[in-house]
Amino acid sequence: QVQLVESGGGLVQAGDSLRLSCAASGRSFSRNAMGWFRQAPGKEREFVSTISGSGGGTYYADSVKGRFTISRDNAKKMAYLQMNSLKAEDTAVYYCAARDRYSGTSDRLAEYDYWGQGTQVTVSS
C-alpha cells in the first residue's frame with residue numbers, strides 16, 4: 001500500500017554532509033509516522049531517527065543527536081534526513097520506513113510496516 005524509495009546516498013569524507021530523501025506513495029502520508037534506520041556490515045539494523053505524521057515530533061538516536069535532522073513535507077510525500085558532520089561510523093545502508101496508519105513516532109523496527117530499498121552512505125576517514 002505504501003512504497004518508499006530512498007535516494008541521496010554516496011561516498012563522502014568525514015565531516016561532510018549528505019541529505020537523504022525518501023519518496024513515498026500512498027494516499028494518507030500524513031497518517032504515517034516515518035523513521036530512518038541504518039545497517040552496517042555485520043551489524044543489526046539500528047534506529048536513527050523518527051518523525052510524527054504531522055512533523056511536530058522528532059526523536060534521534062544518541063549517536064546522531066546534534067548532527068542529523070529529520071524532516072518531512074507531506075504535500076510532496078517526502079521525508080528527509082539531513083546528515084552533518086559525518087563520521088566513519090555512520091557508514092551504513094540507510095533505510096526509510098513508514099508506520100501503517102499510525103502517526104506516532106517509534107524507535108522500534110517492529111513498529112514499521114513499510115521499508116525502502118536502502119541507500120548506501122560511505123564515510124571515509
Side-chain angles (χ1 to χ4, degrees):
Q1 190 171 27
V2 177
Q3 309 295 321
L4 305 173
V5 180
E6 303 98 331
S7 62
L11 173 62
V12 298
Q13 296 280 352
D16 286 352
S17 297
L18 279 175
R19 181 179 173 88
L20 305 183
S21 298
C22 178
S25 69
R27 299 174 179 85
S28 301
F29 183 61
S30 65
R31 300 286 304 279
N32 304 116
M34 298 294 294
W36 287 95
F37 295 78
R38 66 188 183 186
Q39 187 167 20
K43 297 184 178 180
E44 298 289 328
R45 191 169 299 184
E46 67 175 0
F47 167 75
V48 175
S49 186
T50 181
I51 186 167
S52 63
S54 68
T58 60
Y59 299 93
Y60 300 88
D62 289 342
S63 59
V64 306
K65 285 181 180 177
R67 299 188 298 120
F68 291 9
T69 303
I70 190 170
S71 61
R72 66 190 295 158
D73 185 334
N74 287 346
K76 297 180 179 179
K77 296 183 178 181
M78 296 286 291
Y80 307 95
L81 185 68
Q82 178 67 44
M83 305 185 294
N84 298 328
S85 301
L86 283 162
K87 305 174 181 179
E89 51 262 45
D90 295 318
T91 295
V93 176
Y94 283 71
Y95 299 89
C96 65
R99 302 191 72 182
D100 184 22
R101 298 183 299 276
Y102 191 72
S103 62
T105 58
S106 175
D107 61 357
R108 295 180 291 171
L109 279 75
E111 292 295 314
Y112 290 84
D113 303 282
Y114 307 101
W115 294 84
Q117 83 288 351
T119 185
Q120 177 71 50
V121 173
T122 302
V123 184
S124 64
S125 59

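Among residues two or more places apart in sequence or in another chain, the side chain to side chain contact (heavy atoms under 4.5 Å, CB included) test is passed with Gln1 by Asp100, Arg101, Tyr114. Here Ser30 pairs with Asn74 under the side chain to side chain contact (heavy atoms under 4.5 Å, CB included) rule; sequence neighbours left out. For Thr50, the side chain to side chain contact (heavy atoms under 4.5 Å, CB included) partners at least two apart in sequence or on another chain are Phe47, Tyr59, Thr105, Tyr112. Qualifying side chain to side chain contact (heavy atoms under 4.5 Å, CB included) partners for Ala14, counting only residues two or more places apart in sequence or in other chains: Val123.
Rounding to the nearest 0.5 angstrom, the gap separating the NZ atom in Lys76 from the OG atom in Ser21 is 10.0 Å. Of the inter-residue distances, the one linking Asn84 atom CG with Arg19 atom CZ reads 10.5 Å to the nearest 0.5 angstrom. Note that OG of Ser85 and CG of Asp16 are 9.5 Å apart. Values are rounded to the nearest 0.5 Å.
A side chain to side chain contact (heavy atoms under 4.5 Å, CB included) with Glu6 is found for exactly one of Tyr95, Trp115, Tyr94, namely Tyr95.
Within the structure, every pair that satisfies the disulfide bond (SG atoms under 2.5 Å apart) test and touches residues 11-111, not counting sequence neighbours, is listed here: Cys22-Cys96. Sorted pairs that involve residues 35-70 and meet disulfide bond (SG atoms under 2.5 Å apart), not counting sequence neighbours, are lacking altogether. Sorted by first and then second residue, the disulfide bond (SG atoms under 2.5 Å apart) pairs with a member in residues 33-70 form an empty list; sequence neighbours excluded. Contacts classified as salt bridge (charged side-chain N to carboxylate O under 4.0 Å, His left out) and involving residues 30-41 (residues at least two apart or in different chains) are given here: Arg38-Glu46, Arg38-Asp90. Legend: salt bridge (charged side-chain N to carboxylate O under 4.0 Å, His left out) pairs involving residues 111-125, not counting sequence neighbours, sorted by first then second residue: Arg99-Glu111, Arg108-Glu111.
Side-chain atoms of Val121 and Val93, non-hydrogen and from C-beta on, never get closer than 4.5 Å to each other. Side-chain contact between Ser103 and Ser52 is absent, with no heavy-atom pair separated by less than 4.5 Å.
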Open item on the list: If you apply the rule ring-ring contact (aromatic ring centres under 6.0 Å, His included), what do you find for Trp36 with Phe68, and how did you get there?
Closed with: CA-CA 11 Å; Trp36 287 95; Phe68 291 9; 9.9 Å; no

Task: Verdict with reasoning, Met83 to Thr69, per side chain to side chain contact (heavy atoms under 4.5 Å, CB included) - done: CA-CA 7 Å; Met83 305 185 294; Thr69 303; over 6 Å; no

Open item on the list: Would Gln82 and Ser17 count as a side chain to side chain contact (heavy atoms under 4.5 Å, CB included) here? Give the steps.
Closed with: CA-CA 7 Å; Gln82 178 67 44; Ser17 297; 3.9 Å; yes

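Applying the under-4.5 Å side-chain rule to Ile, Leu, Val, Met, Phe, Trp and Tyr, the cluster around Val5 consists of that residue alone. Its side chain within the 4.5 Å cluster rule, Tyr80 clusters with Met78 among the Ile, Leu, Val, Met, Phe, Trp and Tyr residues. Leu11 forms part of no hydrophobic cluster, judged by ILVMFWY side-chain heavy-atom separations under 4.5 Å.
At distances below 3.5 Å, not a single donor-acceptor pair connects side-chain atoms of Lys77 with backbone N or O atoms of Ala23. Using a distance-only test at 3.5 Å, with no hydrogens or angles considered, a donor-acceptor pair links the side chain of Arg72 to the main chain of Phe29.
Across Val64 and Val48, no two heavy atoms sit closer than the pair CG2-O, 3.6 Å. Summarising the geometry of Thr119 relative to Gly9, their closest heavy-atom pair is OG1-N, 3.2 Å, with the distance given to 0.1 Å.
Checking Thr122 against Gln120 by side-chain atom types alone, a donor-acceptor pair falls below 3.5 Å.
Phe37 and Val2 fall into different hydrophobic clusters, where Ile, Leu, Val, Met, Phe, Trp and Tyr side chains are chained together by heavy-atom contacts under 4.5 Å.
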